[in-house]
Each structure stands twice: as C-alpha cells, then as structure tokens.
Amino acid sequence: MTSVALINLQQADNKSLHDFLGRFSQIAVRIQDLELRVALHSMITTPKSGALAESLCKKRSANMDKLRHRVVGFIQIEELSEFCDKVRRD
C-alpha cells in the first residue's frame with residue numbers, strides 16, 4: 001500500500017472523527033516508511049473538523065505518536081459535545 005491511500009481517504013458526513021482515525025490508522029500501519037508530512041497532510045485536509053486542521057497547521061507534530069495523541073484530544077471533544085447534545089435532547 002502507498003501513501004496515495006491516505007490522500008484518497010475521506011471522512012463521510014455521517015462518520016465521527018473517531019471512525020476516521022480508525023480507518024486512517026489501519027491504512028497508515030500498512031504503508032512502509034510513511035512520511036510524517038504525508039500523514040500530517042491527510043490529517044489536515046481530510047477530517048471535517050476545522051478546529052483540528054487549524055490546530056495541526058499552527059503547530060506541527062514531531063512524530064506520528066504525537067500526531068495521534070493530538071487527534072485523540074479532538075475526538076474526546078467531539079464525543080463530549082455529542083454526549084452533551086444528547087443529554088439536552090433527552
């Protein structure tokens with residue numbers, strides 16, 4: 001598998017950032033010698049979260065582990081927001 005698979009990756013409108021990161025990770029681990037800049041480009045351009053892209057543009061991650069750690073923080077924010085919305089509806 002090549003880095004083109006990451007470039008072609010899309011986050012569907014009805015899928016969460018968590019789902020996107022799962023698919024991203026499944027692809028990324030299969031790419032031999034994945035360059036951080038390619039992974040970062042995919043993380044900036046693909047997810048629907050504008051806040052994530054803005055954060056990644058402001059401060060680039062030093063390695064893949066740090067990139068994943070930052071994205072997990074945004075996933076937690078997204079999940080908390082969804083939970084709060086559900087509580088308000090109920």
Side-chain angles (χ1 to χ4, degrees):
M1 188 168 286
T2 67
S3 56
V4 173
L6 280 182
I7 294 168
N8 291 331
L9 182 63
Q10 297 293 318
Q11 180 183 2
D13 288 335
N14 62 341
K15 295 295 183 176
S16 68
L17 189 55
H18 185 266
D19 291 333
F20 167 76
L21 183 61
R23 288 192 356 255
F24 176 92
S25 296
Q26 288 174 346
I27 293 170
V29 296
R30 290 197 235 142
I31 299 172
Q32 190 173 30
D33 300 324
L34 175 62
E35 292 185 35
L36 179 60
R37 64 187 173 98
V38 173
L40 186 59
H41 174 75
S42 181
M43 281 291 186
I44 290 171
T45 59
T46 305
K48 304 290 183 200
S49 171
L52 172 61
E54 185 177 318
S55 173
L56 294 175
C57 285
K58 284 182 180 178
K59 183 180 178 197
R60 301 211 174 219
S61 297
N63 59 47
M64 288 297 289
D65 287 334
K66 290 183 180 184
L67 177 61
R68 281 191 197 102
H69 180 74
R70 289 179 63 195
V71 174
V72 165
F74 280 88
I75 288 171
Q76 291 171 340
I77 291 168
E78 180 183 80
E79 289 175 348
L80 178 61
S81 177
E82 289 172 5
F83 174 76
C84 290
D85 288 346
K86 184 177 187 268
V87 168
R88 283 187 209 117
R89 285 190 305 263
D90 293 343

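For the numbers below, each heavy atom of this structure counts, side chains included, while hydrogens, waters and symmetry mates do not. Predicted model only: the values in this text are computed from it and were never measured.
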Could you tell me whether Lys86 and Asp90 make a salt bridge, using a distance below 4.0 angstrom between a side-chain N and a carboxylate O? yes
Would you compute the distance between atom CD of Gln26 and atom CD1 of Ile31 and round it to the nearest 0.5 angstrom? 12.0 Å
OG-CD distance between Ser16 and Glu78, expressed to the nearest 0.5 angstrom: 5.5 Å
If I compare all heavy atoms of Phe24 with all of Leu9, which pair ends up nearest, and what's the gap? CA-CD2, 3.7 Å
Are Leu21 and Ile7 connected in a single hydrophobic cluster, I mean Ile/Leu/Val/Met/Phe/Trp/Tyr linked by side-chain heavy atoms less than 4.5 Å apart? no
Kindly say whether Leu67 contributes a backbone atom to a donor-acceptor pair with the side chain of Arg60 at under 3.5 angstrom? no
Pairwise distance NZ(Lys48) to CG(Asn14) - rounded to 0.5 angstrom: 10.0 Å
Determine whether Leu6 and Met43 make a side-chain contact, defined as any pair of heavy atoms from C-beta on separated by less than 4.5 Å. no
Would you check if Ile44 and His41 make a side-chain contact, meaning some heavy-atom pair closer than 4.5 Å? no
Shortest non-hydrogen contact between Ser61 and Arg70, atoms and distance: OG-NH1, 3.3 Å
What distance do Ser3 atom OG and Arg37 atom CZ have between them, rounded to the nearest 0.5 Å? 9.0 Å
Kindly indicate, with the supporting measurements, whether the criterion side-chain contact (heavy atoms from CB on, under 4.5 Å) is fulfilled by Arg89 and Asp85. CA-CA 6 Å; Arg89 285 190 305 263; Asp85 288 346; 3.7 Å; yes
Quick check: is Val72 connected to Leu36 through a chain of hydrophobic side chains (ILVMFWY, heavy atoms under 4.5 Å apart)? yes
As an exercise, state the distance from CG of Asn63 to CG of Leu40, rounded to the nearest 0.5 Å. 11.5 Å
Using atom types as modelled and distance alone, determine if a side-chain donor or acceptor of Thr46 lies under 3.5 Å from a backbone N or O of Ser42. yes
What's the spacing between Thr2 OG1 and Asn8 CG if we round to 0.5 Å? 8.5 Å
For Phe20 and Pro47, work out which heavy atoms get closest and say how close. CE2-CG, 3.5 Å
